[in-house]
Amino acid sequence: MGNRDTLLISPNHPVFDLPEIVALEQGLFEREGIDAGFADAGGSAFDPAERDPIARRKEALYETEGADVYNLCEWGGIDRLERGRRKGRIDYLRPAVVAQGLVSFDPGLNEPHDLGGVEVAVNEFTGSHYTALHLLGNTLPRQEISVRHVGSPHLRLERLRDGGVRAAMLMEPFLTAALKEGAHLLGSYFYRGSQVVAPHLPQERRDAYIRAVDAAVDVVRARPWHESARHITAELGGLLDPADLGTAHVRYTRARPFDPKRFQESYAWMRSWGLTEGRSDHGSLLGSP
């Protein structure tokens with residue numbers, strides 16, 4: 001796979017991949033001399049309730065060398081490189097700054113304090129999981145925090161609707177869809193993600209990729225929001241109009257380094273929750289593979 005000319009991106013939800021989508025749409029990768037595109041899963045079916053992070057679509061494509069790069073939350077980037085078999089590195093913190101919102105249709109739940117002993121639906125070892133722990137950990141004793149793996153945001157929204165769960169973490173466009181249907185917001189947590197890159201990509205190609213993505217962020221910030229929102233709402237198949245989606249829970253800024261101080265703080269927090277064995281350091285995950 002190291003000799004392939006096309007740089008393949010393993011797809012994430014459009015709210016996170018918007019800079020890559022716009023970079024492809026605007027020819028910004030080509031301007032940097034990169035032939036890039038989203039990886040094709042080849043008709044493979046991926047279970048939206050999958051519990052094993054490495055078996056999920058974007059991770060599976062990367063692990064099997066069907067993709068060269070993908071983005072996910074910063075804690076997930078650490079987890080996947082420690083958990084997976086394929087080497088790689090975390091190249092930078094992604095441009096998408098997104099909120100996971102804690103939402104409920106239950107009139108008895110109105111603030112994070114009400115969630116003691118109440119299961120919160122998440123997708124385990126993703127942003128929804130980690131941000132739930134961050135958000136609730138600032139209010140409740142850890143022993144009272146309960147998260148339940150449900151799976152993808154589609155499934156979490158469905159379980160909220162049918163009463164299968166009383167609360168869930170959701171990001172856009174699922175967050176706006178839930179609020180439009182009558183759910184209420186108990187709290188939100190903004191976070192960035194990280195970009196995992198394959199070991200064979202030379203530094204100059206990684207730098208060119210980041211320049212294209214940063215240029216796409218400039219396009220997103222300069223043009224009317226609805227032109228970008230249409231990519232995000234498309235995931236709901238017409239349930240939301242682009243005009244329904246605001247920018248209260250999502251914004252885009254240029255990529256930034258995952259510096260040692262931030263890494264150490266994030267890694268220490270993961271260790272405190274038993275989410276990593278703690279065998280890595282900044283150099284092993286962000287240095288040359």
Side-chain angles (χ1 to χ4, degrees), residues 1-73 76-77 79-81 83-92 94-96 98 123 125-127 151-155 171-174 193-202 205-206 208-213 215-216 219-220 228-238 255 289:
M1 288 294 175
N3 295 322
R4 183 179 55 220
D5 290 333
T6 302
L7 191 155
L8 292 179
I9 306 160
S10 192
N12 200 350
H13 295 282
V15 70
F16 303 123
D17 277 344
L18 182 64
E20 284 82 358
I21 292 169
V22 172
L24 289 167
E25 179 184 73
Q26 300 288 319
L28 301 176
F29 286 121
E30 289 91 336
R31 193 175 74 182
E32 291 292 343
I34 301 174
D35 178 16
F38 282 104
D40 184 353
S44 300
F46 293 93
D47 182 358
E50 177 60 60
R51 192 156 195 167
D52 178 5
I54 297 300
R56 297 171 189 161
R57 181 180 64 171
K58 63 181 180 292
E59 289 89 347
L61 285 170
Y62 180 82
E63 282 289 306
T64 58
E65 301 190 23
D68 306 299
V69 300
Y70 70 103
N71 74 69
L72 70 173
C73 69
D79 175 78
R80 303 311 188 268
L81 288 179
R83 188 187 297 265
R85 293 185 300 274
R86 189 183 185 193
K87 291 183 178 180
R89 60 170 280 176
I90 299 173
D91 219 27
Y92 60 87
R94 72 183 176 206
V98 175
N123 194 20
F125 305 117
T126 69
S152 74
H154 297 83
L155 296 180
M171 81 290 184
E172 297 292 20
F174 306 93
S194 57
Q195 186 82 21
V196 172
V197 301
H200 68 269
L201 293 178
R205 205 171 186 200
R206 297 198 300 266
Y209 185 94
I210 295 172
R211 287 195 300 270
V213 169
V219 171
V220 169
S228 297
R230 63 186 172 88
H231 292 296
I232 299 172
T233 58
E235 189 172 16
L236 288 175

Using modelled atom types and a 3.5 Å cut-off, is there a donor and acceptor pairing between side-chain atoms of [X] and backbone atoms of [Y]?
X	Y	value
Glu32	Tyr209	no
Asn12	Asp17	no
Arg94	Phe16	no
Arg83	Ile54	no

Rounded to the nearest 0.5 Å, what separates atom [atom1] in [X] from atom [atom2] in [Y]?
X	Y	atom1	atom2	answer
Arg51	Asn123	CZ	CG	10.5 Å
Leu72	Ser194	CG	OG	5.0 Å
Tyr70	Ile9	OH	CD1	14.0 Å
Leu61	Phe46	CG	CZ	5.0 Å
Cys73	Met171	SG	CE	11.5 Å

Check: [Y] and [X] side chains under 4.5 Å, non-hydrogen atoms:
X	Y	value
Arg80	Val196	no
Ile210	Gln195	no
Leu201	Val69	yes
Tyr92	Arg206	no

Checklist entry - Taking the six-membered ring of Phe125, is the NZ or CZ of Arg56 close enough (under 6.0 Å from the centre) and on axis enough (within 45°)? => result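 Not flagged: Arg56 not positioned over aromatic ring of Phe125.
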Might you point out which heavy atoms bring [X] and [Y] nearest each other, and give the distance in Å?
X	Y	result
Ile34	Arg205	CD1-O, 3.9 Å
Ala36	Leu24	O-CD2, 3.3 Å
Arg31	Ala215	NH2-CB, 3.5 Å
Asp68	Thr6	OD2-O, 3.6 Å
Pro11	Lys58	O-CB, 3.5 Å
Val213	Pro95	CG1-CG, 3.5 Å

Item to check | Parallel, tilted or perpendicular, as decided by the 30° and 60° cut-offs, for the rings of His13 and Phe174 | outcome: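 Plane angle over 60°, so perpendicular.
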Item to check | Val219/Glu25 under side chain to side chain contact (heavy atoms under 4.5 Å, CB included): CA gap, chis, key distance, verdict | outcome: CA-CA 11 Å; Val219 171; Glu25 179 184 73; over 6 Å; no
